[in-house]
Amino acid sequence: MGLDKNGIAQRIAQELRDGWYVNLGIGIPTLVANYIPEGIEVEFQSENGVLGMGPFPFEGEEDADLINAGKQTITTMKGASFFDSATSFSMIRGQHVQLTVLGAMEVSENGDIANWKIPGKMVKGMGGAMDLVASADNIIVAMMHSNRAGVSKLLKKCSLPLTGVACVKKVVTDLAVLEIKDGAFHLLERAPGVSVEEIQSKTEGNLIVSGDVPEMNI
Amino acid sequence: MNKVVESVEQAVDGIKSNMTLMLGGFGLCGIPENSIAQLVKSGVKDLTCISNNAGVDDFGLGLLLQNKQIKKMISSYVGENDEFERQMLSGELEVDLIPQGSLAERCRAGGAGIPAFYTPAGYGTEVAVGKEVREFNGKPHILESALYADFAIVKAWKGDTEGNLVYKATARNFNPMMAMAGKITIAEVEHLVPAGELDPNEIHTPGIFVQRIFQGQHFEKRIEQRTTRSR
């Protein structure tokens, strides 16, 4: 038993720092907004052109002109701003956004990420993911440790077409928090009740375990 | 300078088969609905369409796809459209998928007289295949070229007779850059007002980038993912 998607989001939210501008990808990353630690102020950027994204609107108050990058209806917070797509990606490539959280199909031990294409099967496009991973200093990947078939998503080498090269520094899964450095996954924390052995067995890439690995505090 | 045309027919006049079009919008937000409907009616074919997305099966650019009027799409994300995926996987439709930020900047560059630029996005991926790589500040970048269009079609919230445009909320998205990059730029607006009514301080797209403007009708403004919370 590991964490559910909300648990992963909750753990990632602990990485937020006061005053940060944060871009959250589609899926688990979006849930991070529900767990902002108390006393911390962050502002969410959505790459289709809004800074200061708020919660979903109340029923009946949806505005077709106000959506996030997942095409969901949203609201804005006080102090929000709108801008065009070139300005939006200037914020991203120009490293004005402090944290990017996104999902992945595969991550490799050197920090490569694949999340946009399964050749011959699923070709949805990369959207803003390639710009985000190529530029952000601080990227956290939020994903399940294994795919639905039970195959590890933390690999020696990605098998799918890459989204970015050597860019991921941290991965939070249902089982663990891992840091990527020097060509390996370093196990930082375990999900409550999950053993190092289980994490080891579900990590195909090189996993480094040093000393006692603490449980996540959630 | 009065840029007003009286109808959508006049607005898209001159768009012919085999042309390259840019169409503003992100998802179904801020798309030129009236012009797309008119293109469907006109039956022009073999279009190359530059647009971040390809609509959904029964709205937006999806309508042109259903009708097989598009030869090639240049987009960043096309996930919401089954017909698109079918045509792409079967090889009927030529598709150039490019990172969203590169797409925006390539349109901007086209309008701004910058023929190409370097970006880190896509380095080491299949997007970089065949592109020049150059290192700046110790980091590899790839050379991306500007995009141009015979016609750019954008959607704005308000516009005046001079072609000045104001967009609403996230319906701005790709519209301003595409407006700059069209040889002829068509703007369809929800509210067309006389020159002088818009505050010059608040213009998003100056009229110099717009050649034709018209009052759109019956905007459906469909919502793709209606998400709400309870009170």
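Letters A, B, ... mirror the listed sequences (proteins, then strands); counts begin at 1. Hydrogens, waters and symmetry mates are skipped; everything else that's a heavy atom, side chains included, is used.
Within a 6.0 Å sphere centred on CG of Asp18(A), heavy atoms belonging to other residues, nucleotides or ligands number more than 12. Under a cut-off of 6.0 angstrom, the local environment of NZ in Lys139(B) is crowded, with over 12 non-hydrogen atoms contributed by other residues, nucleotides or ligands. Within 6.0 Å of CZ in Phe219(B) there are more than 12 heavy atoms belonging to other residues, nucleotides or ligands. Residue-environment remark: CD1 (Ile208(A)) exceeds the threshold of 12 foreign heavy atoms within 6.0 Å. Within a 6.0 Å radius of NZ in Lys221(B), other residues, nucleotides and ligands contribute more than 12 heavy atoms.
When atom types are taken as modelled, the side chain of Asp131(A) and the backbone of Gln100(B) share a donor-acceptor pair closer than 3.5 angstrom. Between the Asp65(A) side chain and the Lys168(B) main chain, no donor and acceptor come within less than 3.5 Å of each other. Remark: side-chain polar atoms of Asn173(B) are not paired, donor with acceptor, to backbone N or O of Gly49(A) under 3.5 angstrom. Panel note: side chain Thr125(B), backbone Gly164(A); no donor-acceptor pair is recorded below 3.5 Å.
Residue Val95(B) does not touch chain A at all, counting heavy-atom pairs closer than 4.5 Å. Residue contact with chain B, scored on non-hydrogen atoms closer than 4.5 Å, involves the side chain of Lys117(A) exclusively. When heavy atoms are compared at a cutoff of 4.5 Å, Asp112(A) does not approach chain B at all. Of the two parts of Ala80(A), neither the backbone nor the side chain holds a non-hydrogen atom closer than 4.5 Å to a non-hydrogen atom of chain B. Residue contact with chain B, scored on non-hydrogen atoms closer than 4.5 Å, involves the backbone and the side chain of Phe82(A) alike. Only the side chain of Asn53(B) comes within contact range of chain A, with at least one heavy atom under 4.5 Å from a heavy atom of that chain. Ser230(B) touches chain A through its backbone: at least one of N, CA, C or O sits under 4.5 Å from a heavy atom, while the side chain does not. Only the side chain of Arg108(B) comes within contact range of chain A, judged by heavy atoms closer than 4.5 Å. Using a 4.5 Å cut-off between heavy atoms, Glu220(B) makes no contact with chain A at all.
With rounding to the nearest 0.5 Å, the separation of CZ in Arg172(B) from OG1 in Thr87(A) is 7.5 Å. Here the CZ-OG1 distance, from Phe89(A) to Thr119(B), works out to 10.0 Å after rounding to the nearest 0.5 Å. The structure places OG1 of Thr227(B) at 8.0 Å from CD of Glu62(A), a figure rounded to the nearest 0.5 Å. The distance from atom CD1 of Ile74(A) to atom CD of Gln225(B), rounded to the nearest 0.5 Å, is 13.0 Å. Met126(A) CE to Ile98(B) CD1: the interatomic distance, rounded to the nearest 0.5 Å, is 8.0 Å. The CD atom of Glu126(B) sits 9.5 Å away from atom OG1 of Thr163(A), with the distance rounded to the nearest 0.5 Å.
Smallest separation of non-hydrogen atoms from Ala134(A) and Gly122(B): CB-N, 4.5 Å. Across all non-hydrogen atoms, the minimal contact from Trp116(A) to Leu97(B) is CZ3-CD1, 4.0 Å. For the residue pair Pro120(B) and Arg93(A), the shortest heavy atom distance occurs at CD-CD, 4.1 Å.
Per-residue heavy-atom pair counts under 4.5 Å with chain A were compared for Asn81(B), Leu103(B), Thr170(B), Asn175(B), and the maximum is reached by Thr170(B). Options Ser76(B), Gly79(B), Ser102(B) differ in how many heavy-atom pairs under 4.5 Å they form with chain A, and the most are formed by Ser76(B). By number of non-hydrogen pairs under 4.5 angstrom with chain A, the leading residue of Ala121(B), Pro99(B), Gly124(B) is Pro99(B). Contact count versus chain B (heavy atoms, under 4.5 Å) is highest, among Pro161(A), Gly127(A), Gly125(A), for Gly127(A). Counting heavy-atom pairs closer than 4.5 Å to chain B, the top residue among Thr73(A), Val165(A), Asn68(A), Asp63(A) is Thr73(A). Interface check for chain B: of the options Val133(A), Thr75(A), Leu162(A), the most heavy-atom pairs under 4.5 Å are formed by Leu162(A).
Taking non-hydrogen atoms and a 4.5 Å limit, the residue list of residues 22-30 of chain B in contact with chain A, ordered by number, reads Phe26(B), Gly27(B), Cys29(B).
Ion pairing between a basic and an acidic side chain is recognised when a charged N comes within 4.0 Å of a carboxylate O; Arg231(B) and Glu61(A) show such pairing.
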Problem - Trace of the side chain to side chain contact (heavy atoms under 4.5 Å, CB included) decision for Val123(A) with Met88(B) - result: CA-CA 9 Å; Val123(A) 192; Met88(B) 172 161 69; 3.4 Å; yes

